[in-house]
Colleague: 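One structure is given below, represented as structure tokens, and several questions about it will come after.
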Amino acid sequence: MSRKDQGDQMIATALLEQFSNTTLELQRLARDRSIERFHALALARVQQLLPFDRAWWGRAAMIDGMPEEHSSHLFNLPPHYLDDWQSIRHDDITVPLVNAAPGKSVIVDCANSTPGLKWLGERHEIGEFLCVIHVDPQTQLSDHLTLYRAPAAKPFTTLDQLLLDNLMQHLTAAVSANQIRTLVAKRESLSNPRNLALAVCDSRGTLHCAERGFVDLLLTEWPDWTGPQMPETVSRDGYQGARVQLEVSAVGDLFLLAARSQSPLQQLSARENDVAQRFGEGKTYKEIARDLGLAPNTVRHHIRTIYSKLGVKDKASIAHLLHAPPPD
């Protein structure tokens with residue numbers, strides 16, 4: 001083996017070791033860090049393997065050939081960068097290039113590109129950038145990562161492209177693992193985790209990940225729901241339905257959803273519940289009226305309302321609902 005071959009092998013070995021260490025660190029960050037901090041810490045680690053000055057990591061859906069952002073994480077870029085890009089997005093040649101070959105990164109030189117990209121580069125001190133997307137086969141949402149270098153920085157190379165192409169799969173997996181870890185931590189903090197399924201969605205109501213059973217619970221309330229967009233009736237204040245209860249809490253720029261199945265009995269008012277309990281125990285209208293200090297006709301009215309709310313027709317069905325164990 002020549003000295004040159006030995007040198008090339010040493011460089012390749014060192015680079016492979018760096019890549020391996022980076023992916024291992026991404027796994028650790030996904031396990032140990034919060035959703036709010038994960039992206040910044042992960043990008044700082046990637047920066048050690050593949051140098052860059054700024055970055056934009058986000059998730060989007062393609063609408064009429066253009067990406068509509070669902071979540072964005074900027075690294076060394078000001079918040080108004082997103083507005084600036086939105087203003088020239090139809091002039092961004094990167095969009096068709098990366099969508100033509102998901103998983104394969106492209107290099108774009110702002111100074112020698114479209115007027116819009118040239119303006120964006122001058123405004124934010126960007127010379128070249130390297131961009132790649134990964135498309136989720138289920139939701140069709142695309143995770144995109146763009147790494148920017150300053151005008152005076154060393155140009156990106158085909159080796160940089162190869163590194164990002166292979167790294168992007170690990171980054172996407174790490175994001176999902178980080179979200180799932182958050183779900184598990186949330187579950188462990190709950191005092192009553194039975195009959196509960198968790199999920200993460202963005203500000204547009206698009207599901208990013210969900211525990212097994214979450215979709216099944218949604219289908220009990222909305223049988224025709226297909227996703228990945230949450231039903232319009234679910235707001236940031238949550239949802240209380242006939243069959244499902246949803247609690248919503250903000251986690252960074254995402255939202256944690258906790259779904260529980262709703263017992264039909266929870267639809268009843270306090271008075272209706274009192275009547276249902278006694279009726280299910282086999283008491284007559286007169287006995288219930290005497291216990292609760294009501295007129296028999298009032299009890300009859302409550303029973304009719306209870307039948308309607310619970311979707312049942314007889315006393316035995318009410319008794320069954322009263323004594324059925326909570327579902328798992």
Side-chain angles (χ1 to χ4, degrees), residues 11-12 14-16 18-23 25-26 29-30 38-62 65-77 81-82 85 88-114 116-118 120-121 124-137 139-176:
I11 293 172
L15 184 60
L16 184 60
Q18 281 184 284
F19 185 89
S20 177
N21 289 338
T22 298
T23 57
E25 178 66 9
L26 290 175
L29 291 172
F38 171 73
H39 287 80
L41 293 171
L43 286 171
R45 186 63 181 84
V46 171
Q47 197 176 34
Q48 298 175 34
L49 173 69
L50 177 53
F52 58 88
D53 298 301
R54 299 166 185 81
W56 177 18
W57 186 0
R59 181 167 285 183
M62 292 300 293
M66 292 302 297
E68 293 288 342
E69 289 298 310
H70 285 248
S71 64
S72 289
H73 302 272
L74 300 176
F75 186 87
N76 289 339
L77 283 168
Y81 176 82
L82 297 178
W85 178 82
I88 61 96
R89 66 179 190 154
H90 290 285
D91 207 21
D92 188 349
I93 60 172
T94 320
V95 175
L97 289 175
V98 294
N99 280 282
K104 300 295 182 182
S105 58
V106 300
I107 300 173
V108 176
D109 181 357
C110 287
N112 296 305
S113 188
T114 62
L117 283 179
K118 183 177 180 180
L120 191 71
H124 293 280
E125 298 183 44
I126 297 169
E128 278 191 348
F129 60 84
L130 181 63
C131 182
V132 67
I133 67 169
H134 176 276
V135 180
D136 186 285
T139 65
Q140 293 303 304
L141 293 175
S142 63
D143 290 278
H144 62 85
L145 176 59
T146 306
L147 307 180
Y148 305 95
R149 283 182 178 171
K154 178 182 175 182
F156 286 108
T157 66
T158 53
L159 179 57
D160 294 330
Q161 286 183 281
L162 184 63
L163 283 172
L164 185 58
D165 291 351
N166 286 276
L167 194 59
M168 190 60 183
Q169 301 177 56
H170 293 278
L171 288 166
T172 303
V175 169
S176 295

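Because only heavy atoms are used, hydrogens play no part in the values below, and waters and symmetry mates are left out as well, while side chains stay in. Bear in mind that the values here come from a model prediction, so they are computed numbers and not experimental data.
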Colleague: Not counting sequence neighbours, which residues clear side chain to side chain contact (heavy atoms under 4.5 Å, CB included) with Ala40? List them please.
Modeller: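 Not a single residue meets the side chain to side chain contact (heavy atoms under 4.5 Å, CB included) criterion with Ala40.
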Colleague: So, using side chain to side chain contact (heavy atoms under 4.5 Å, CB included) as the criterion, who are the partners of Ser176 when residues are at least two apart?
Modeller: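 Residues passing side chain to side chain contact (heavy atoms under 4.5 Å, CB included) with Ser176: none at all.
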Colleague: His144: which residues meet the side chain to side chain contact (heavy atoms under 4.5 Å, CB included) condition with it, sequence neighbours left out?
Modeller: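 His144 satisfies side chain to side chain contact (heavy atoms under 4.5 Å, CB included) with Trp56, Ala60, Glu69, Ile133 only.
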Colleague: Going by side chain to side chain contact (heavy atoms under 4.5 Å, CB included), Asn166 matches just one of Leu164, Leu163, Leu162. Which one?
Modeller: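 Running side chain to side chain contact (heavy atoms under 4.5 Å, CB included) over Leu164, Leu163, Leu162 with Asn166 returns exactly one hit, Leu162.
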Colleague: Does the pair Arg45 and Asn21 meet the rule for a side chain to side chain contact (heavy atoms under 4.5 Å, CB included), with working shown?
Modeller: CA-CA 10 Å; Arg45 186 63 181 84; Asn21 289 338; 3.8 Å; yes
Colleague: Which atom names give the shortest non-hydrogen contact between Thr157 and Ile107, and what distance separates them?
Modeller: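 It is O-CD1, 4.0 Å.
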Colleague: State, with a plain yes or no, whether a side-chain heavy atom of Phe129 is found less than 4.5 Å away from one of Leu120.
Modeller: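 A side-chain contact is absent here, since even the closest heavy-atom pair is not under 4.5 Å.
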Colleague: Which pairs, with at least one residue in residues 125-134 and sequence neighbours excluded, count as a side chain to side chain donor-acceptor pair (under 3.5 Å)?
Modeller: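 Side chain to side chain donor-acceptor pair (under 3.5 Å) check on residues 125-134 returns no pairs.
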Colleague: Does a side-chain heavy-atom distance below 4.5 Å link Ile93 with Ser113?
Modeller: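 Yes, their side chains come closer than 4.5 Å.
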Colleague: When you check the gap from the basic side-chain N to the acidic O, do Lys154 and Asp160 get nearer than 4.0 Å?
Modeller: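 Between Asp160 and Lys154 there is no salt bridge, as every charged N stays at least 4.0 Å from the carboxylate O atoms.
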Colleague: Which atom pair, heavy atoms only, marks the closest approach of Ala55 to Leu147?
Modeller: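 Closest pair (atom of Ala55, atom of Leu147, distance): CB-CD2, 4.0 Å.
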Colleague: Can you tell me how far the CG atom of Leu43 sits from the CG atom of Leu145, to the nearest 0.5 Å?
Modeller: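 One gets 6.0 Å once the value is rounded to the nearest 0.5 Å.
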Colleague: Which residue pairs pass the salt bridge (Lys or Arg N to Asp or Glu O under 4.0 Å) test with at least one member in residues 89-100, sequence neighbours excluded?
Modeller: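 Residue pairs with at least one partner in residues 89-100: Glu68-Arg89.
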Colleague: Pair Thr172, Asp136 - check side chain to side chain contact (heavy atoms under 4.5 Å, CB included), show working.
Modeller: CA-CA 9 Å; Thr172 303; Asp136 186 285; over 6 Å; no
Colleague: Look up atom OG in Ser72 and atom CG in Leu82, then write down how far apart they are to the nearest 0.5 Å.
Modeller: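 Ser72 atom OG to Leu82 atom CG measures 4.5 Å (nearest 0.5 Å).
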Colleague: Hey, are the side chains of Arg54 and Leu74 touching, using non-hydrogen atoms and a 4.5 Å cut-off?
Modeller: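 Result no, sub-4.5 Å side-chain heavy-atom pair not found.
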Colleague: What residue pairs, at least two apart or across chains, pass side chain to side chain donor-acceptor pair (under 3.5 Å) with a residue in residues 97-106?
Modeller: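 Counting only pairs at least two positions apart or across chains, the side chain to side chain donor-acceptor pair (under 3.5 Å) contacts touching residues 97-106 are Ser105-Asp165.
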Colleague: In the structure I gave you, are the side-chain heavy atoms of Pro51 and Arg149 within less than 4.5 Å of one another anywhere?
Modeller: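 Yes, side chains in contact.
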Colleague: According to salt bridge (Lys or Arg N to Asp or Glu O under 4.0 Å), who are the partners of Asp53, at least two apart in sequence or on a separate chain?
Modeller: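 For Asp53, no residue satisfies salt bridge (Lys or Arg N to Asp or Glu O under 4.0 Å) once neighbours in sequence are set aside.
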Colleague: What pairs with Leu167 under side chain to side chain contact (heavy atoms under 4.5 Å, CB included), at least two apart in sequence or on another chain?
Modeller: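 By the side chain to side chain contact (heavy atoms under 4.5 Å, CB included) rule, Leu167 matches Phe19, Thr22, Thr23, Leu26, Val46, Leu49, Leu171.
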Colleague: Testing the basics here: between Ala30 and Ala174, what is the closest heavy-atom pair and its distance to 0.1 Å?
Modeller: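 Looking at all heavy atoms of both residues, the closest pair is CB-O, 3.4 Å.
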Colleague: Holding to ring pair (Phe, Tyr, Trp, His ring centres under 6.0 Å), I want the full list of residues that pass it with Phe52, two or more places apart in sequence or in another chain.
Modeller: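 If we apply the ring pair (Phe, Tyr, Trp, His ring centres under 6.0 Å) test to Phe52, skipping adjacent residues, the hits are Phe75.
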Colleague: Quick one: list whatever passes ring pair (Phe, Tyr, Trp, His ring centres under 6.0 Å) with Phe156, sequence neighbours left out.
Modeller: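 Ring pair (Phe, Tyr, Trp, His ring centres under 6.0 Å) check on Phe156 returns nothing, list empty.
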Colleague: With heavy-atom distances below 4.5 Å as the criterion, would you say the side chains of Trp85 and Ile88 are in contact?
Modeller: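 Result yes, sub-4.5 Å side-chain heavy-atom pair found.
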